[in-house]
2 protein chains.
Amino acid sequence: MKSQKIPEATIIRLSVYSRYLKQLEKNGLITVSSGTIAEGVDGSPAQVRKDLAYFGEFGTRGVGYNVSDLNRYITKILGIDNKWNVIIVGAGNLGSALSQYKGFDERGFNVLALFDNDPEIVGKKAGKIPVFSAPRMTSFIKENNVEIGIIAVPAPFAQDIVDEMVGAGIKAILNFAPRVISVPDYVELRNVDLAVNMEVLTFNMTFQK
Amino acid sequence: MKSQKIPEATIIRLSVYSRYLKQLEKNGLITVSSGTIAEGVDGSPAQVRKDLAYFGEFGTRGVGYNVSDLNRYITKILGIDNKWNVIIVGAGNLGSALSQYKGFDERGFNVLALFDNDPEIVGKKAGKIPVFSAPRMTSFIKENNVEIGIIAVPAPFAQDIVDEMVGAGIKAILNFAPRVISVPDYVELRNVDLAVNMEVLTFNMTFQK
DNA sequence: CTCCTTTTGTGAAGATTATAACATACGCTG
DNA sequence: CAGCGTATGTTATAATCTTCACAAAAGGAG
Ligand SMILES: NC(=O)c1ccc[n+]([C@@H]2O[C@H](COP(=O)([O-])OP(=O)(O)OC[C@H]3O[C@@H](n4cnc5c(N)ncnc54)[C@H](O)[C@@H]3O)[C@@H](O)[C@H]2O)c1
Ligand SMILES: NC(=O)c1ccc[n+]([C@@H]2O[C@H](COP(=O)([O-])OP(=O)(O)OC[C@H]3O[C@@H](n4cnc5c(N)ncnc54)[C@H](O)[C@@H]3O)[C@@H](O)[C@H]2O)c1
């Protein structure tokens, strides 16, 4: 791979390609062309090839790509060829739902525990995932080699939890609280804001088309 | 507003500005500069002004923007100056959590009902939101003027539900199922894919920096 | 072994988006 | 009411991302 800045959009698409390839693989398909991938993910063949070209040459001219090889390459690129340990803070409606999400496990994300500060919830389980008390978070992160934290507490508490996570050595955070969060630049942060997504929909309904 | 294509990134930022302005308004702030907004949302002042400039002139030179006026304008732009009716299909872990999400109501999204095909769940309530049987969806959409549908069923069923929603006259769909979904181009669609978000994190941890 | 079809990989062109820079306008002070 | 400081609105510049077009390579047919 050439050392170069990779567009985030490319990474997002690679993840979608990977999901689609997995499906093709299950269907017993051996080879696939950029055109077929493009159809399957609602994109363009040139885009598919360009995205892959950032990382190497994975295809055979005149033939296409070997489905399972390509998926293995992409999986490696995305960094999910091995497992990641994850915790979720906030065992309310959203946190509990996330802890049950099969899509995490399937893609190599291992949710070890939930954390909450409500004594009514602490000690219980959400499915198979235990809920621990919030003050235990830091030591748990250190002892269990947790790299990724998910924020599912109410917005006013989000930054505090994030700071604690960062202090404990977490490397990446997925934030669901509708707040702008600060992290040092060696920590990866992504925000998932559902109201924002809804508002993009309503904007498009109201203005465009 | 000049008729022009607005970048989606601009809409996303406007939504975040709006959330931040609401906070400032609650704190009693009267006027705010593009610089202060930029700080609050972790952006640049030029970007803030540029985003607003697509839609008009909302500020006063040498002064800044009136906080509540600006927020009202943005709210209008985003199309959330009035309420939208929403349904959620799939009353499992995720669907139930979403139905309880306060952030929807706060921003003008009115979740009227959940739909599911599991007889164990149908007839119950998630908080105050009733769960109806899946076959009732089409008539409910028509009778209650539902414009937005949320997909929270397992991936293999997502396209079918979407088709039914579209047939019933739904105008926009927020999809949580990890599948590429097709809709006619007069229907707005957005996908929220959590595994993809996680994979962007792991990519950045593995490659960049 | 050569030709022909196919599909990749890529450099160049085009489109879009972000950043920077500055002239313009507003309000305040004296 | 004139001059000054400040923050907007906008034009110009730069950076980024996508699309296009085609040469290069592979495999298969004759
Ligand atoms: N419910 C949803 O579908 C949804 C969707 C998108 C975003 N969100 C956001 O996710 C967050 C959680 O939403 P929710 O609906 O699950 O709320 P919730 O009230 O059901 O759950 C929040 C949980 O966080 C716990 N908590 C509060 N402060 C804490 C702290 N300092 N340390 C540890 N735990 C703490 C509470 O005890 C509670 O169990 C909110 O920021 C919300 O805006 C929720
Ligand atoms: N759990 C999460 O946190 C999470 C996160 C992201 C995405 N998702 C996605 O959201 C979807 C739902 O996930 P979940 O964890 O809530 O699963 P779940 O199994 O808890 O819930 C799915 C619900 O859908 C219902 N259902 C199935 N087929 C249906 C149909 N044809 N019509 C109506 N209802 C039907 C089921 O009865 C069930 O109640 C899945 O596609 C999943 O990949 C879930």
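Quick note on labels: first sequence line is chain A, next is B, and so on, each numbered from 1.
Salt bridge status for A:Asp69 with A:Arg72: present, with a side-chain N to carboxylate O gap under 4.0 Å. Looking at A:Glu199 and B:Arg19, no side-chain N of the basic residue comes within less than 4.0 Å of a carboxylate O on the acidic one, giving no salt bridge.
Whole-Å rounding puts the B:Phe55 CZ to D:dG9 P distance at 14 Å. Rounded to an integer number of Å, the gap from A:Leu14 CG to D:dT18 C1' is 15 Å. The CD-C1' distance, from B:Glu8 to D:dT16, rounds to 17 Å in whole Å. Whole-Å rounding puts the A:Ile6 CD1 to D:dC17 P distance at 10 Å. Between the CD atom of B:Glu57 and the P atom of C:dA25 there is a distance of 10 Å, rounded to whole Å. The distance from atom CZ of A:Arg61 to atom C1' of C:dT7 is 9 Å, rounded to the nearest whole Å. Taking atom NZ of B:Lys50 as the reference point, atom C1' of D:dA15 lies 13 Å away to the nearest angstrom. In this entry the distance linking CD1 of A:Ile12 with P of D:dT18 reads 10 Å, nearest Å.
For B:Asn117 (side chain) and B:Ala134 (main-chain N/O), no donor-acceptor pair under 3.5 Å exists by modelled atom type.
Using the six-membered ring where Trp is involved, B:Tyr101 and B:Phe104 have ring planes that are perpendicular, over 60° apart on the 30 and 60° scheme.
Side chain to side chain, B:Asp163 and B:Gln159 meet the donor-acceptor criterion of an N or O pair below 3.5 Å.
Between A:Leu21 and A:Tyr65 there is no side-chain heavy-atom pair separated by less than 4.5 Å.
Here the shortest heavy-atom pairing between B:Ala155 and B:Arg179 reads CB-CG, 3.5 Å.
In this structure, A:Tyr65 reaches the C:dG9 phosphate: one of its side-chain N or O atoms is under 4.0 Å from OP1 or OP2. Within the 4.0 Å cut-off from OP1 or OP2 of C:dA18, at least one side-chain nitrogen or oxygen of B:Arg13 is found. Between A:Arg49 and the phosphate of D:dT18, there is no side-chain N or O to OP1/OP2 separation shorter than 4.0 Å.
The residue among A:Thr10 and B:Gly59 whose nearest nucleotide of DNA chain D is located toward the 5' end is B:Gly59. Remark on DNA chain C: of its neighbouring residues A:Leu52 and A:Gly62, the 5'-side contact belongs to A:Gly62, judged by nearest-heavy-atom nucleotide.
Of all the residues in residues 23-48 of chain B, B:Ser44, B:Ala46, B:Gln47 reach under 4.0 Å from DNA chain C with at least one non-hydrogen atom.
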